[in-house]
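Right, one structure below, let's go through it.
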Amino acid sequence: MDYPEIYELVFQAPAVEDDVVLVRRTEKSGAGGYPVYEDETGIVRAEISADGEVRMIASGGHQAPGVPRAVRSLHP
């Protein structure tokens, strides 16, 4: 299966404009067998299926990542 290289994850931010995080595909796969994507800091990580379903992955202790309200693939 061919997966997009880049996605935008859109998070709801209270009282301000939505927060958009750009994530790129890594060589890793998640528990569901789909590619793991992460931002340039490595803090925001997500497993994204071919159907655009997202499972956020904690990148450190005590982290409780929120679920994005939208996921958009960006084709280079």
Side-chain angles (χ1 to χ4, degrees):
M1 173 123 248
D2 193 24
Y3 293 94
E5 186 70 27
I6 303 169
Y7 276 100
E8 284 182 334
L9 303 179
V10 182
F11 295 91
Q12 181 87 35
V16 294
E17 198 171 311
D18 288 344
D19 188 17
V20 179
V21 178
L22 191 70
V23 292
R24 294 184 182 275
R25 191 176 67 218
T26 68
E27 296 296 319
K28 303 170 195 164
S29 294
Y34 300 110
V36 171
Y37 292 77
E38 62 183 39
D39 72 340
E40 63 184 25
T41 68
I43 295 172
V44 177
R45 296 175 19 162
E47 178 181 9
I48 305 175
S49 76
D51 296 327
E53 297 171 334
V54 179
R55 184 178 67 86
M56 297 303 294
I57 302 170
S59 60
H62 304 290
Q63 187 183 33
V67 178
R69 68 173 190 80
V71 179
R72 299 185 289 243
S73 70
L74 301 178
H75 298 285

task: Mind checking the CD-CZ spacing from Q12 to R69? Nearest 0.5 Å is all I need.
output: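 Q12 CD to R69 CZ: 5.5 Å, rounded to 0.5 Å.
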- request: Working to the nearest 0.5 Å, report the span between OG of S73 and CD of E8.
  value: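 It is 9.5 Å, given to the nearest 0.5 Å.
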Atom of [X], atom of [Y] and distance for their closest heavy-atom approach:
X: Y7; Y: I48; result: CD1-CD1, 3.5 Å
X: M56; Y: A46; result: SD-CB, 3.7 Å
X: G30; Y: V36; result: N-CG2, 3.5 Å

Hey, quick one: are [X] and [Y] part of the same hydrophobic cluster, counting side-chain heavy atoms closer than 4.5 Å, chains of contacts allowed?
X: F11; Y: V71; answer: yes
X: Y37; Y: V21; answer: yes
X: V67; Y: Y34; answer: no
X: V23; Y: V10; answer: no

Are any side-chain N or O atoms of [X] and backbone N or O atoms of [Y], one a donor and one an acceptor, separated by less than 3.5 Å?
X: E47; Y: G33; answer: yes
X: D39; Y: V44; answer: yes
X: R25; Y: P35; answer: no

- request: Answer yes or no: is there a side-chain heavy-atom contact under 4.5 Å between L22 and I6?
  value: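 Yes; the side chains approach each other to less than 4.5 Å.
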message: Working note: D51 + S49, criterion side-chain hydrogen bond (donor to acceptor under 3.5 Å, both in side chains); need CA distance, chi angles, decisive distance, verdict.
response: CA-CA 5 Å; D51 296 327; S49 76; 4.8 Å; no
- request: Report the C-alpha separation of E38 and I57 in whole Å, then their side-chain angles, then the decisive distance to 0.1 Å, and conclude whether the side-chain contact (heavy atoms from CB on, under 4.5 Å) test is met.
  value: CA-CA 9 Å; E38 62 183 39; I57 302 170; over 6 Å; no
- request: Please test R45 against T26 for side-chain contact (heavy atoms from CB on, under 4.5 Å), starting from the C-alpha separation and ending with a verdict.
  value: CA-CA 10 Å; R45 296 175 19 162; T26 68; over 6 Å; no
